[in-house]
Amino acid sequence: MTEKDAAAIRWLEGQEGAMLALLEELVNIDSGSYDKAGVDAVGARIAFFLAEHGVSVTTIPVEDYGDALKAQVAGSGGANRPIVLMGHRDTVFPKGEVAHRPFRIAEGRAYGPGVADMKAGLVMNAFVLAAFHRAGGAPVPLVGLFTSDEEIGSPACRPIIEETARGARAVLNAEPGRPTGNVVTGRKGGVFMHLEVLGRAAHSGGNYAEGRSAIGALAHKIIALHAITDLDRGITVNVGLISGGQSVNTVAPRATCEIDLRYVTPPDRDDAMNRIAAIVADTHVPESRAQLTIKGEFLPLVQDAASRALFETYARVSAQHGAPITGEFAGGCADSGFTASVGCPTLCAVGPVGGKAHSPEEYLEVASLVPRARAIAETVAAAATA
């Protein structure tokens, strides 16, 4: 490790108070995925912090969701392939959530909407970028990618993520560290779908035989869809929302549902999607018809040899500070699947440690802020000699 790298790490070690101050500001901004103004407000605060510390930031306009931000810190060692520090600014919470439960700290834990997933990770990445710039540059170029729509499948930012990852040295995704303190080395992929079934309306008493129930057809399909689930293979199909019908005394002319598919490997996806397509095409109720639409999709994070080497580097620097970790597999999806899919070594959930994401009880372990930032900085420094 060079003296400049050591100086960056020493600065980080004294920044817990400043990290918490920035985290409080970010948590206290509503930034649900569809709240462009809120997501952009979080981005503006991060950009202001980085500019204060001399880090250049480029805004990539996004029309329907928050803009993407790309920050850059020059490398001082002559390398031109960057390490990408990645995180998303959107949360799952509706506008007004902050008014009900703003940022607070109690007994060593911080609480508030998105405090762990993943505003603490954004703060960590911003401070790591600032630390290396203040020290005169990173040992390899750094890119900080702050996206806006991960919680809904990254419909706008996926191309930006993939372009940034292509040719990068590595991606460190600042999703929250597991409650155990571990990081994530594998994730499921996910496909999120809308299914519409059309039948024929008829009076349920006077002309029942003339009707074709869309609800009846959908019920058959839901049973068949759930039967695709294979827990031993890590494949699950869940119909999480349903709606339909016109009135209690009308044979239902229309019904819809929302489908969540999770899988482990790309061949599992192909198999499940082929079975889903056959179920959609099957006419369970004569003269009914159905249409399936994919609304969003995540790719799986599958660890290859290069990603394993990245994990081993991170684990080694963590263990040097008395924080041994292992890699965990997660059923949840993340943008790290996109970066791994383009061949970039990827490690996920390197953010500060937290738990109960997407719930009112979501929390962050305050004491993990600085150690996780230090682990990122030391991993970057180690990558310079890899």
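FYI, side chains are in, hydrogens and waters are out, and symmetry mates aren't considered; it's all heavy atoms of this structure. The structure displayed is predicted, hence computed values, not measured ones.
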- Any donor-acceptor N or O pair under 3.5 Å, side chains Ser204, Asn249: no
- Item | Over all atoms of both residues, closest heavy-atom pair of His133 and Gly54 | NE2-O, 3.0 Å
- What heavy-atom pair brings Ala116 and Tyr363 nearest, and what distance separates the two atoms? CB-O, 3.4 Å
- Could you go through the side-chain contact (heavy atoms from CB on, under 4.5 Å) check for Asp90 and Ser148 one step at a time? CA-CA 5 Å; Asp90 60 320; Ser148 62; 5.7 Å; no
- Donor-acceptor side-chain pairing of Asp149 and Ser33 below 3.5 angstrom: no
- Parallel, tilted or perpendicular: which fits the ring planes of His53 and Phe127, with parallel below 30° and perpendicular above 60°? tilted
- Message: Looking at every non-hydrogen atom in both residues, tell me the closest pair between Val171 and Cys344 and how far apart they are.
- Response: CG2-SG, 3.7 Å
- Message: Could you check whether Arg104 makes a cation-pi contact with Tyr111, meaning its NZ or CZ is under 6.0 Å from the centre of the six-membered ring and within 45° of the ring axis?
- Response: yes
- Task: Can you label the angle between the Tyr65 ring and the Tyr34 ring as parallel, tilted or perpendicular, going by 30° and 60°?
- Result: tilted
- Query: Does one side chain, of His203 or Glu210, offer a donor that lies under 3.5 Å from an acceptor on the other?
  - Reply: no
- Note: Cys348 and Glu175 closest approach over all heavy atoms is SG-CG, 3.9 Å
- Hey, are Thr346 and Thr339 close enough side-chain-wise for a donor-acceptor pair under 3.5 Å? yes
- Item | Ring-face cation of Arg233 near Tyr263 (centre distance under 6.0 Å, axis angle within 45°) | no
- Shortest non-hydrogen contact from Leu369 to Pro352? CD2-CG, 3.7 Å
- Query: Can you list the steps and then say if Leu85 with Val128 is a side-chain contact (heavy atoms from CB on, under 4.5 Å)?
  - Reply: CA-CA 9 Å; Leu85 309 183; Val128 170; 3.9 Å; yes
- Query: Between Ser31 and Lys119, is any side-chain donor less than 3.5 angstrom from a side-chain acceptor?
  - Reply: yes
- So, His194 and Gln291: side-chain donor and acceptor under 3.5 Å apart, yes or no? no
- Query: Side chains of Glu328 and Thr180: is there a donor and an acceptor less than 3.5 Å apart?
  - Reply: yes
